[in-house]
Amino acid sequence: MWYTIIFVVIVAILLKNIFTEVKLASVQSADTPEVVEEGKFTPKTLAKYNGRDDKRIFLAVKGRVFDVTAGAAFYGPGGPYENFSGRDASRGLAKNSFELDCLTPLDKTIDTLSDLTKEEVESLENWEEHFNNKYRVVGVLENEQPDEKI
Amino acid sequence: MVDSSLIVTVIVLFALNYLYNFYVDASKDVNEAYLNQQSIIDATKKPGESAIYKSNKLEHPTGLRVGLDIRYDHYKLRNGNFCDLWELLVNGNKREKHEITVNGRSMGVFELNGRVGKFAEYLQHNKVRKVGISGGLFMKNLDVFIVLMACLITQTTVCFYKDEPVFDDIDIHIIKKEQESSFSPEKVLLVESGEQNSVSSVVSGAEEIASFTNEYSSQKDRGIALEFATRAGPKLLKKTIFTQANLVSSIASTIKHLPLSEVLNSNDKFLCVLSKPSTEEILANLVKILACFVTNTHINITDDSSWHNIQQYKPTVVSIHERELSKELPVGSLTSGLGMLMAFKFKQSLKLLSRGKFFTANKTSLRLMYIHKSITDNPSLNSFQLNEYRSLLGARIISEFGYPNLAGPVILSDFYDYRVFEPKRNLLSYGCIYQSLEIKLVGEKNNEGTIYIRGYNIGKVTTYSNDGTPTNSHSLKNEGFMPLENVKGVWGNDGCLYVYRC
C-alpha cells in the first residue's frame with residue numbers, strides 16, 4: 001500500500017517536473033573587477049592589454065596610455081608593431097625599432113628617455129601626435145608604488 | 001519486500017526525465033553564453049562611473065552603428081540618406097509589386113512614387129523649408145504618408161506638434177478640414193479632401209513612375225529631418241530635432257538587431273499599429289516603416305489596435321505599444337476555451353521557452369512582434385506574460401524601451417531572449433543596448449547609478465521661453481553623454497541594463 005502511494009507521488013513529481021516547471025533566470029548585478037580605472041597603469045597592469053591576454057590593446061607613449069584596439073592589425077597579435085602592445089613603446093617609436101631591447105623590462109622603473117638624440121625625440125613627438133589624433137587616451141603610466149608590490 | 005518492477009519503473013522514469021531535460025538543453029535556440037554576454041564592456045572606466053557598455057552585435061567593437069554602409073565609388077562606404085531609402089523601395093517594387101496600406105486605403109509603390117515626386121516638386125517650387133503636421137495626423141492617411149516622404153527626400157523639415165503649432169516658423173500646415181479655421185488660409189493644405197488647397201489637388205494628375213533617380217551627393221545626407229515642438233511648461237517651449245543621420249543610424253540598428261536568418265524580407269507583411277501620438281511612438285513607428293523600405297517588406301499602417309482588426313491584415317510582423325497589446329488582447333482572452341491538449345501544450349511551451357527553446361502552443365502567420373514602451377513607464381507585461389504571448393501567438397517578441405528624444409529605443413530585448421525573471425518591485429525595463437548607443441552609469445553606488453547615454457540616434461533638445469529666446473540646450477559636456485531622468489540603472493552580469501524608478 002505505502003509503496004504504491006510513494007510510487008504515485010514520485011511519478012507525479014516527475015511528470016510535473018517534465019511538463020510544467022518554468023525555469024527562472026537568475027541575474028545578478030554586474031561585478032566587473034577586471035575593468036581598469038582610467039588614469040592609473042603601471043608597467044605590470046598594462047602588460048595584459050596585449051590583444052592576447054585581453055582583447056583590448058593598450059600601449060604607452062611618453063607616459064600616456066592609448067587604447068589602440070582599433071589598430072589591431074598593426075598592434076595586435078601578428079601585427080608588425082605587436083611587441084609594443086601592453087608596453088611602454090616610447091623608446092621603440094623614437095628609434096623606429098621593433099626590437100625587444102627597446103622595451104623596458106616590466107620589473108624596472110619607467111624609461112626616462114633622457115638619452116634620446118634630437119632626431120629621436122622629434123620622431124617620438126611625431127608618433128605621439130599620430131596617437132593623439134587617432135586613439136583615445138585611457139590613462140597614464142606610472143611606476144609601481146612600493147605598497148602595490150606583491 | 002519492494003516489488004522490483006516498481007523500482008525499475010521509477011528508474012526508467014528518472015532516466016526519461018534526465019534524457020528529456022538533456023534534450024531540451026541541447027536543443028536551445030542559442031547557447032546560454034549568448035544570453036549571458038549581451039554587451040561589449042570597455043576595459044577601462046572613469047572613477048565613480050561604470051565602464052562604457054555597447055551592443056555585442058556590432059561588427060567593430062570600437063564603433064557604433066552609424067548607417068546602412070552603402071557602397072559607392074567601388075570601395076567607399078556611406079551611411080545612406082532618405083533618397084537611398086526611397087530608391088530601395090522603388091527598385092524593390094520592380095522585382096515584386098507592393099502596395100502600401102494606410103488605414104484601409106492602399107496604393108501601389110509606383111503610384112505613390114509619382115505622387116511623392118509631384119509633391120516634392122511643389123515643395124521645391126514654393127521654396128518650402130518646413131512643413132507642420134499635428135502629431136495626431138501621423139500616418140493617418142495616404143496624404144500624410146505622401147507629404148512625409150516628399151519632405152524627407154527633399155530635405156524639408158517636418159515639424160510635429162501636439163494640438164497647435166508652438167513656433168511661428170512653419171511654411172505649410174498639413175491639417176484636416178475641421179482645423180482650417182485656426183490657420184492662415186494661404187499656409188494650409190488639407191488632407192483627405194478634394195478641395196483646391198488640398199494635398200490631393202497638389203498631386204492630381206501624377207502618374208505611376210517606375211524609377212527614382214538618385215545621384216549621390218554629400219549634400220543629400222544633411223538637414224534636419226524631423227522636429228517635435230511641444231510646450232514644456234506655461235512659459236517654456238521645447239524643440240527636439242532629429243537629423244537624417246539620427247534616423248538612418250536607428251534604421252540600420254533596427255535591421256541589424258535581428259539575426260541574419262530572421263531579418264525582415266519581401267515575404268513579410270509588416271503592420272504598424274499607431275496609438276498615442278507621442279514623440280517616442282512616432283519615431284518608433286517611423287523607424288520601422290523606413291526599415292521596411294530597405295528590406296522590401298510589405299507595409300500596412302493602422303490606427304485601430306483591436307485584435308480583430310490586426311488579424312485581418314494577416315501580418316507576419318507587428319509593431320504595437322505594450323499598453324495597447326495588454327488592453328486589446330489580454331492573455332485570458334487567448335487562453336479561455338483552450339482544449340485539454342492545447343492547454344497541456346501551452347504549459348509545456350512555457351517551460352520550454354523559459355529554458356531557451358522556442359516552442360509555441362499556436363502557429364499563426366505572425367512571426368515577430370515589436371512591443372514598445374517608454375523606459376520610464378511601469379511595465380504592463382512581465383517576462384512570464386511575454387512568454388504566454390509568444391506561445392499563444394506563435395511569434396517571437398522584441399520589447400523596446402524608448403526615451404522622448406531618441407529615434408528608436410535605448411534598450412531592447414534580444415530576439416532569442418525568452419528568460420523568465422522573478423517579478424521585481426520598481427523594475428521598469430531591461431534589455432540589451434541598441435546598436436546606435438553606448439551607455440554608462442555615473443555616481444555608481446552598489447552597482448546602481450544614473451544612466452548616461454551617447455550615440456547617433458539622440459535628437460537635440462532646445463528649450464525656449466515664450467518669446468522664442470533659447471533658454472537651454474544640451475551641451476557637449478560629459479563628453480557628449482546625456483543623462484536619463486527619473487530612473488536609475490543597474491548592469492546585470494548578462495550585459496543587460498536593468499532600469500528602476502528612482
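Below, read A as the first sequence line, B as the second, and so on, with proteins coming before strands; counting in each chain starts at 1.
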Worksheet item: Take atom CG in B:Leu341; do more than 12 heavy atoms of anything else shown fall under 6.0 Å from it?
Response: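 No, the 6.0 Å shell around CG holds no more than 12 heavy atoms from other groups.
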Discussion item. More than 12 heavy atoms of other residues, nucleotides or ligands under 6.0 Å from NZ of B:Lys28: yes or no?
Written reply: yes
Worksheet, complete the sentence: So, the part of A:Tyr135 with a heavy atom under 4.5 Å from chain B: the answer is neither
Item to complete: Might you point out which heavy atoms bring B:Ser354 and A:Lys23 nearest each other, and give the distance in Å?
Response: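 Taking every non-hydrogen atom into account, OG-N, 2.8 Å.
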Practice prompt. Using non-hydrogen atoms and a 4.5 Å limit, figure out which bit of B:Lys424 sits close to chain A: side chain, backbone, both or neither.
Written response: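 The side chain, not the backbone.
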Item to complete: Give, as side chain, backbone, both or neither, the part of B:Phe14 having an atom under 4.5 angstrom from any heavy atom of chain A.
Response: both
Worksheet item: For A:Val22 and B:Lys347, what are the C-alpha separation, side-chain angles and deciding distance, and is it a side chain to side chain contact (heavy atoms under 4.5 Å, CB included)?
Response: CA-CA 9 Å; A:Val22 169; B:Lys347 289 270 183 198; over 6 Å; no
Discussion item. Using side chain to side chain contact (heavy atoms under 4.5 Å, CB included), reason through B:Asp42 and A:Arg136 one step at a time and then give a plain yes or no.
Written reply: CA-CA 12 Å; B:Asp42 268 7; A:Arg136 191 163 69 101; 3.3 Å; yes
